[in-house]
Amino acid sequence: MIAELIPGAEVMHFVDSDVLATVVREQGISPNSEVRMTRLAQAAEAAGADIIFSACSSLGPALDVAAQNVGTPVVKIDEAMALQAASDGRRIGVLATVPTTLGPTSDLIEKKAVEIGRDVEIEQRLCEGAFAVLMAGDREKHDALIIEQATNLAEKVDLIVLAQASMNRLAEVLQEKTGVTVLSSPRMGVGYLAQRVSQLAV
């Protein structure tokens with residue numbers, strides 16, 4: 001997707017393969033996780049990155065800390081989605097299969113709403129068990145659980161946000177079945193990244 005929307009971009013990957021598992025295990029961002037993400041950002045900056053793009057919503061608060069410790073711009077994958085949700089919705093549903101994404105995504109939407117002067121109500125919904133069955137290889141059951149929760153959630157909200165990029169492939173199906181707008185972060189996030197990159201070139 002980056003190759004499509006930002007032709008010619010050189011992409012470097014900096015990964016801490018255990019930090020997300022740690023956040024899930026600890027049910028939140030610890031100071032140690034903040035340090036680990038800060039070190040990744042510093043490593044990217046030292047390698048000459050012009051901009052840092054984070055692809056994980058659960059780690060959003062840690063990226064905020066990391067951004068304060070580097071001079072390189074930091075962009076989160078769900079920033080554009082959160083802004084659109086805050087702009088278009090009043091009653092916003094946040095749907096997730098991992099509990100650690102609910103808080104960061106909701107907080108980011110509320111932050112964007114404050115920035116643009118809008119009042120929003122957020123309804124969080126966790127698809128209990130969906131992530132576990134996906135990890136066990138049962139994609140069909142995983143999808144059915146999400147569709148069920150989204151359909152129920154749609155009765156209470158006018159817009160649904162998918163809190164994880166991994167849910168992106170279901171966005172179109174969920175919009176068709178629920179009849180409400182469903183936002184997902186990957187393409188919107190990379191589109192926003194492309195805008196930021198073009199601004200760097202000015």
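Rounding to the nearest 0.5 Å gives a distance of 11.0 Å between CD of Q164 and CG of L170. Here the SG atom belonging to C56 is positioned 11.5 Å from the NZ atom belonging to K76, to the nearest 0.5 angstrom. Note that CG of L95 and CG of L174 are 7.0 Å apart. Values are rounded to the nearest 0.5 Å. L20 contributes atom CG, which lies 10.5 Å from atom CZ of R25 (distance to the nearest 0.5 angstrom). Taken from CD1 in I109 to CD1 in I122, the straight-line distance is 4.5 Å, to the nearest 0.5 Å.
Counting heavy-atom neighbours within 6.0 Å of R39 CZ, excluding the residue itself, gives a total of 12 or less.
In terms of heavy-atom proximity, R36 sits nearest to V19 at NH2-N, 3.2 Å.
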May I have the list of side-chain donor-acceptor pairs in residues 187-195 shorter than 3.5 Å, sequence neighbours left out?
unit_1, atom_1, unit_2, atom_2, d
R187, NH1, E4, OE1, 3.3
R187, NH2, E4, OE2, 2.5
Y192, OH, R196, NH1, 3.2

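A donor-acceptor pair shorter than 3.5 Å cannot be found between the side chains of D78 and S185.
Q149 places no side-chain N or O within 3.5 Å of a backbone atom of C127 that could act as its donor or acceptor partner. Under the 3.5 Å distance criterion, the side-chain polar atoms of R90 are matched with a main-chain donor or acceptor of D119. With hydrogens and angles ignored, the 3.5 Å screen pairs no side-chain donor or acceptor of E176 with any backbone N or O of V173.
When each of L159, I92, V114 is checked for a side-chain contact (heavy atoms from CB on, under 4.5 Å) with V120, only I92 meets the rule.
Counting only heavy atoms from C-beta outward, the side chains of D50 and V197 never approach each other to under 4.5 Å.
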